[in-house]
Engineer: 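One structure is given below, represented as structure tokens, and several questions about it will come after.
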Amino acid sequence: MAEKVAFKQSLNLFDGTMIVAGSMIGSGIFIVASDMTRQVGSAGWLVALWVITGLMTVFAAVTYGELSSMFPKAGGQYVYLKEAYNPMLGFLYGWSFFSVIQTGTIAAVGVAFSKFAGYFIPVLTMDERNLLFDFGFVRIFPAQLVSIALIIFLTYVNTRGVKDGKIIQTVFTIVKLFSLFGLILFGLLMAAKADIWNANWATGFDMKFTTPVTDAAGVKRGWSAFQAPGSMMVALGLISAAMVGSVFSSVAWENVTFIAGEIKNPKRNVGMSLFLGTLVVTVVYLLANLMYLAVLPMIPPASGSALAYTPEVAAPNIAFAVQDRVATAAASSIFGHYGAAIIAVMIMISTFGCNNGLILSGARVYYTMAKDNLFLPQAGTLNKNAVPQWALWAQCIWASALCLSGQYGVLLDYVVFITVVFYILTIVGVFRLRRSRPDAERPYKAFGYPVIPIIYLLMAGTLGIGLLYEKTFTSLLGLVIVIIGVPIYYYYARKARNAPGGSTGS
């Protein structure tokens, strides 16, 4: 039986900022530029999408700061939605958070860790030659087992107390920031080539896209030549599909709100952590993509009219980097083979630290839900180290199961659409609370209110519409996952009402 203990406020502003930055910088910035380029086909649009994503992220973060100052307790976004709307909407977020948002992100980052480990250990490459078991509905590769082992290890570390998790988070975030800045600096100063830069920017904002080429058996063998979108709606769909990568790379900043109960002076430090962390990461992401454009062609040289591109034989480029490892291709151009190996290690460190932040913070949501009688009661207990151990292991088990999909891109599609929907609802919640609780204490008020929140809602709403158009199946499946939570909520709510003194929170 766990002892009756409470969360310890042992994290300061720097720790909070490291959690924001460390949770955001995982695998995406090193991979997604390939798919984004295949979707939009021009340097102008590639950079523009990162700028748009950065603005959306910072705008959302400074708006969340108001909510974090009003409700400085564990649970973060779950608490905000519950207070702004009702317990059911809070539960639907928590349910989606457990079923796909947080666990899916943990799984995707775990898969990415194995993907870059494959640079050194070929057996970790997701290749038919490395298939271990084929059960029909699921296929097992060594890379998936490594991803699961990583998640189990980090979960165990975080059951030992927030101090151990904090140390890992701070150290690994500093290392990843220095490695990224180093890659950017050397790339822009030492390896930038005027001919490559000029050729890439000659594409301007001329949007084009490409699609996979498959053989008679349906196996992907290459990529079709670029072609222009035929309508405005198709263009919006391509932009939205491309932004899946940049948005996924920029989510998880809200993780610091989940651990507000363990942050010193949370009314101030949570909001400041959100702003500082998202601003730093936004700048780093933009510089990284400018560096890619300075050292790598967007497409294989002199192949613009080819019918199919095969990354394995093409010269290093952004759109068709082998296994989408753009950062590795860029590092090879800058440092040669050994430099690429060093960067691959840094990327593994980045994904390792990112998953630590996700695992550390995510379990606090299930803990708060359990305290509101809206999750399994065991999740509402703390172990002797003052951490929700049971919730950590439940999260670990489901994230490990999602790793078995092995599909990085599919996991991104599920995560991004649902995440954007709940971001929108949370920002709208600021307006609702201003109207329903005008006299509530607000140590910090949303910067630029109401203009900045409205701009965010317009941008995020447009992205959501585009995703529904371009990625209809996975977007609707995400909504189905949310809807499945409705009967589950009523089950818990009825059970709580029937219990002596039971309730589902305010």
Engineer: Between N265 (side chain only) and V270 (backbone N and O only), is there a donor and an acceptor less than 3.5 Å apart?
Structural biologist: no
Engineer: Kindly assign one of parallel, tilted or perpendicular to the pair F258 and Y93, based on the angle between their ring planes and the thresholds 30° and 60°.
Structural biologist: tilted
Engineer: Can you pull the side-chain hydrogen bond (donor to acceptor under 3.5 Å, both in side chains) pairs that have at least one residue in residues 353-364, sequence neighbours excluded?
Structural biologist: N158-N356, Q169-N356, N255-S361, E262-R364
Engineer: Grab the two heavy atoms, one from A242 and one from L49, that are nearest each other, plus how far apart they are.
Structural biologist: CB-CD1, 3.6 Å
Engineer: Sequence neighbours left out, what passes ring pair (Phe, Tyr, Trp, His ring centres under 6.0 Å) with Y366? Give chain and number order.
Structural biologist: F97, F98, F375
Engineer: E470 and S240: side-chain hydrogen bond (donor to acceptor under 3.5 Å, both in side chains), yes or no, with the steps?
Structural biologist: CA-CA 7 Å; E470 183 69 17; S240 301; over 6 Å; no
Engineer: List the steps and the verdict of side-chain hydrogen bond (donor to acceptor under 3.5 Å, both in side chains) for S114 and S147.
Structural biologist: CA-CA 6 Å; S114 298; S147 304; 2.8 Å; yes
Engineer: Taking atom types as modelled and ignoring hydrogens, do the side chains of T159 and Q389 form a donor-acceptor contact shorter than 3.5 angstrom?
Structural biologist: no
Engineer: Taking Q102 for the side chain and L358 for the main chain, is one N or O donor matched with an acceptor at less than 3.5 Å?
Structural biologist: yes
Engineer: Is there a donor-acceptor pair under 3.5 Å between the side chain of K176 and the backbone N or O of I347?
Structural biologist: no
Engineer: Look at K163 together with D15 and state whether they make a salt bridge at an N to O cut-off of under 4.0 Å.
Structural biologist: no
Engineer: Is it true that the side chains of S246 and T53 contain a donor and an acceptor less than 3.5 Å apart?
Structural biologist: yes
Engineer: Determine yes or no for a side-chain-to-main-chain donor-acceptor pair under 3.5 angstrom, with S333 supplying the side chain and A329 the backbone.
Structural biologist: no
Engineer: Any donor-acceptor pair under 3.5 Å linking the side chain of Q144 with the backbone of L404?
Structural biologist: yes
Engineer: Quick check against the 3.5 Å criterion: does S34 have a side-chain atom that pairs as donor or acceptor with the backbone of F320?
Structural biologist: no
Engineer: Dump the intermediate steps for side-chain hydrogen bond (donor to acceptor under 3.5 Å, both in side chains) on E254 and Y64, then the final yes or no.
Structural biologist: CA-CA 8 Å; E254 72 277 14; Y64 270 51; over 6 Å; no
Engineer: Determine whether the aromatic ring centres of W253 and Y423 lie less than 6.0 Å apart.
Structural biologist: yes
